[in-house]
Amino acid sequence: MSENSRIFFPVAGSLLAGAALGELAGAAYGFGKVIEVRFLNRSLNDTYLLVTEQGQKYILWVYRAGLRSEGEIEFELTLLQHLAGYGVRVAQPLTAQSGKLMLSLNAPEGTRYVSVFEFAEGRPPYADEKTGYGWGWTLAGIHQISDSFVSENSRPKFALPFLIDRPLEQIRFLFKHRPSDWDYLAQVAGNLKEKIAALDDLDWGICHNDYYENNMHLAEDGKLTVFDFDMCGFGWRGFDIATVWRDVLLSRKPDKFWEAFQTGYKVVRPLRANDLEAAKTFISIRHYWLLGLHASDVRQVGTAWMNDAHLDWWMKILRDWES
């Protein structure tokens with residue numbers, strides 16, 4: 001292939017032009033001229049803020065090609081509609097004038113799906129006793145209402161192979177020069193699986209799976225709105241609870257926040273002792289899952305940040321928790 005060939009060179013991931021997305025969304029969703037498109041974040045999906053001529057704000061997501069099937073995305077979006085229909089404060093997806101919840105675009109790397117969501121007013125909440133109650137109350141509402149959700153589509157199951165075995169394979173390349181750490185990781189992984197297997201009758205159902213402060217906004221009325229359900233799927237509810245608990249430990253949030261979280265949760269849904277016991281183990285399991293998720297994303301974000309200093313930090317946290 002010559003340097004001047006008109007054949008497109010393969011790409012790992014494209015960044016779609018914001019102005020074109022704004023024009024597309026304004027026409028497809030019927031809210032007219034978009035006067036501002038602000039690229040907010042590149043993560044597993046690309047996030048844009050849209051501002052219309054009338055001052056309305058929306059969030060536009062461009063899903064990464066090949067990461068989610070159309071059916072998996074439809075599960076997520078219809079789940080949000082279901083939750084909102086029963087009073088859970090989530091950022092709902094908008095329905096396009098075609099009647100669909102998503103658009104599809106031909107990007108250089110393949111088909112990419114686009115969805116537009118309500119804008120969640122507010123800002124990430126500061127963790128204190130008052131907001132802790134709302135975090136617990138809202139998560140319990142998500143668990144409670146999602147029990148009645150039915151879909152023809154499927155989502156990944158956050159069982160042990162997905163949470164531990166798969167991440168171990170994803171991070172193996174990072175530890176080629178750290179054999180003692182790798183042996184420790186494999187040993188702890190086996191112990192964690194045994195601990196979960198020994199617990200009976202754990203609460204299982206649809207979970208958010210990434211329930212932390214950057215995926216919620218606290219409005220002036222004191223209520224939380226939750227968004228970013230891209231990781232939603234079937235799993236142990238203790239894993240959702242462990243996400244909050246892990247955040248408490250890493251951020252050194254006050255004990256009263258954790259107590260208030262449990263109180264708020266119990267107002268809506270029982271928080272059983274065995275699920276809390278499981279959450280202790282899921283804290284470490286989430287640690288595995290997160291690093292596996294990051295390692296699987298190297299084609300998009302590179303490996304430079306996952307250096308030995310980062311792995312030292314990651315291993316220290318795991319060793320501290322396990323000890």
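Keep in mind that this is a model prediction, so the values were computed, not measured. Reckoned from all heavy atoms, side chains included, excluding hydrogens, waters and symmetry mates.
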Give the C-alpha distance, both sets of side-chain angles, the deciding distance and a yes or no for side chain to side chain contact (heavy atoms under 4.5 Å, CB included) between Leu16 and Asp46. CA-CA 9 Å; Leu16 304 185; Asp46 296 337; 5.9 Å; no
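- Judged as a side chain to side chain donor-acceptor pair (under 3.5 Å), and not counting sequence neighbours, Lys195 has no contacts.
- Under a 3.5 Å cut-off, the side chain of Glu118 and the backbone N or O of Gln92 do form a donor-acceptor pair.
- Taking the side chain as every heavy atom from C-beta outward, Ile164 and Leu168 approach each other to under 4.5 Å.
- For the ring-ring contact (aromatic ring centres under 6.0 Å, His included) test, residues two or more places apart in sequence or in another chain that qualify with Phe227 are His217.
- Taking each heavy atom of Gln97 and Ala27 in turn, the nearest pair found is OE1-O, 3.1 Å.
- In the hydrophobic cluster analysis, where Ile, Leu, Val, Met, Phe, Trp and Tyr join through side-chain heavy atoms closer than 4.5 angstrom, Val116 is grouped apart from Met102.
- Counting only N and O atoms by type, the side chains of Asp240 and Thr243 include no donor and acceptor under 3.5 Å apart.
- The aromatic rings of Phe239 and Phe158 lie tilted to each other, with the angle between the two planes from 30° to 60°.
- Cluster annotation: Val62 and Tyr113 are assigned to distinct hydrophobic clusters (Ile/Leu/Val/Met/Phe/Trp/Tyr, side-chain heavy-atom contacts under 4.5 Å, transitive).
- Taking the charged nitrogens against the carboxylate oxygens, Arg178 and Asp312 do have a contact shorter than 4.0 Å, which makes a salt bridge.
- Think of Tyr126 as one node in a network of Ile, Leu, Val, Met, Phe, Trp and Tyr side chains linked at under 4.5 Å; it has no links at all.
- Side-chain atoms of Phe257 and Asp128, non-hydrogen and from C-beta on, never get closer than 4.5 Å to each other.
- The 12-atom threshold is not exceeded at CD of Glu23, counting heavy atoms of other residues, nucleotides or ligands nearer than 6.0 Å.
- Here Ala186 pairs with nothing under the side chain to side chain contact (heavy atoms under 4.5 Å, CB included) rule; sequence neighbours left out.
- Side chain of Asn45 to main chain of Arg64: a donor-acceptor pair is present (N/O by atom type, distance under 3.5 Å, no hydrogens or angles).
- Arg112 places a side-chain N or O within 3.5 Å of a backbone atom of Ser14 that can act as its donor or acceptor partner.
- A single hydrophobic cluster is not seen to contain both Leu83 and Trp137; linkage of ILVMFWY side chains at heavy-atom distances under 4.5 Å, directly or through other members, places them apart.
- Scanning for side chain to side chain contact (heavy atoms under 4.5 Å, CB included) contacts around Asp275 gives Leu202, Asp203, Arg272, with sequence neighbours left out.
- A donor-acceptor pair is defined here as one N or O able to donate and one able to accept, closer than 3.5 Å; such a pair exists between the side chain of Arg68 and the backbone of Asp230.
- Side-chain contact check for Leu79 versus Cys232: some heavy-atom pair is nearer than 4.5 Å.
- Between His294 and Trp305, the ring-plane angle classifies as perpendicular under the 30° and 60° cut-offs.
- In this structure, the salt bridge (charged side-chain N to carboxylate O under 4.0 Å, His left out) partners of Glu169, at least two apart in sequence or on a different chain, are Arg172.
- Although no hydrogens or angles enter the test, the distance criterion places no donor-acceptor pair under 3.5 Å between the side chain of Ser284 and the main chain of Thr281.
- Between the side chain of Arg155 and the main chain of Glu72, a donor-acceptor pair closer than 3.5 Å is present.
- Counting heavy atoms of neighbouring residues, nucleotides and ligands inside a 6.0 Å radius, atom CZ of Phe173 exceeds 12 of them.
- Geometrically, Arg319 engages Tyr184 in a cation-pi contact defined by less than 6.0 Å to the ring centre and at most 45° from the axis.
- Under a 3.5 Å cut-off, the side chain of Tyr288 and the backbone N or O of Leu185 do form a donor-acceptor pair.
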Distance-only check: which donor-acceptor pairs under 3.5 Å involve side-chain atoms of residues 260-267, not counting sequence neighbours?
from	atom 1	to	atom 2	distance (Å)
Thr263	OG1	Glu259	O	3.0
Tyr265	OH	His143	ND1	2.7

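- Contact between Val90 and Leu80 at its shortest, heavy atoms only, is CG2-O, 3.6 Å.
- Atom CD of Glu220 is surrounded by 12 or fewer heavy atoms from other residues, nucleotides or ligands within 6.0 Å.
- In summary, Asp320 and Lys316 engage in a salt bridge, as defined by a charged side-chain N under 4.0 Å from a carboxylate O.
- The six-membered or imidazole ring of Tyr48 lies near that of Phe39, with a centre-to-centre distance under 6.0 Å.
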Any chance you could lay out the side chain to side chain contact (heavy atoms under 4.5 Å, CB included) test for Tyr63 and Ser115, step after step, and finish with the verdict? CA-CA 8 Å; Tyr63 290 85; Ser115 292; 3.7 Å; yes
Pair up each side-chain donor or acceptor in residues 28-36 with any protein partner under 3.5 Å, not counting sequence neighbours, and list the distances.
from	atom 1	to	atom 2	distance (Å)
Glu36	OE2	Arg38	NE	3.1
Glu36	OE2	Arg38	NH2	2.8

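- Leu15 and Val301 fall into different hydrophobic clusters, where Ile, Leu, Val, Met, Phe, Trp and Tyr side chains are chained together by heavy-atom contacts under 4.5 Å.
- With contacts defined as side-chain heavy-atom distances shorter than 4.5 Å, the pair Leu276/Lys280 does not qualify.
- Enclosure of atom CG in Asp255 is not indicated, since only 12 or fewer non-hydrogen atoms of other residues, nucleotides or ligands lie within 6.0 angstrom.
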Let's go through Asn214 and Asp228 carefully: what are the C-alpha distance in whole Å and the side-chain angles of both, what is the deciding distance for side chain to side chain contact (heavy atoms under 4.5 Å, CB included) to 0.1 Å, and is it a yes or a no? CA-CA 9 Å; Asn214 285 348; Asp228 194 350; over 6 Å; no
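- Residues Ile171 and Leu290 are members of one and the same hydrophobic cluster, defined by side-chain heavy-atom contacts under 4.5 angstrom among Ile, Leu, Val, Met, Phe, Trp and Tyr.
- Ring-centre distance between Trp245 and Phe282: not below the 6.0 Å cut-off.
- Taking the side chain as every heavy atom from C-beta outward, Arg237 and Ser146 approach each other to under 4.5 Å.
- Within a 6.0 Å radius of CH2 in Trp258, more than 12 heavy atoms belonging to other residues, nucleotides or ligands are found.
- In this structure, the side chains of Phe229 and Ile142 come closer than 4.5 Å at one or more pairs of heavy atoms.
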Is there a side chain to side chain contact (heavy atoms under 4.5 Å, CB included) between Leu40 and Ile59? Walk through the geometry before answering. CA-CA 9 Å; Leu40 297 180; Ile59 293 295; 4.0 Å; yes
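- Among residues two or more places apart in sequence or in another chain, the ring-ring contact (aromatic ring centres under 6.0 Å, His included) test is passed with Phe117 by Trp61.
- With sequence neighbours left out, Tyr212 forms a ring-ring contact (aromatic ring centres under 6.0 Å, His included) with no residue at all.
- Annotation for Gln170 and Leu293: closest pair OE1-N, 4.0 Å, computed over non-hydrogen atoms.
- Annotation: side chain of Leu67 is not in contact with side chain of Gln300 (no heavy-atom distance under 4.5 Å).
- Between Asn191 and Glu322, the closest side-chain pair of non-hydrogen atoms is not below 4.5 Å.
- Annotation: Glu152, atom CD; neighbour count of heavy atoms from other residues, nucleotides and ligands within 6.0 Å does not exceed 12.
- By the side chain to side chain donor-acceptor pair (under 3.5 Å) test, Asp221 pairs with Arg89, sequence neighbours left out.
- Side chain of Asn274 to main chain of Asp200: a donor-acceptor pair is present (N/O by atom type, distance under 3.5 Å, no hydrogens or angles).
- Trp204 pairs by the ring-ring contact (aromatic ring centres under 6.0 Å, His included) definition with Trp236, not counting sequence neighbours.
- Between Thr111 and Ser104, the shortest heavy-atom distance links the atoms CG2-CB, 4.0 Å.
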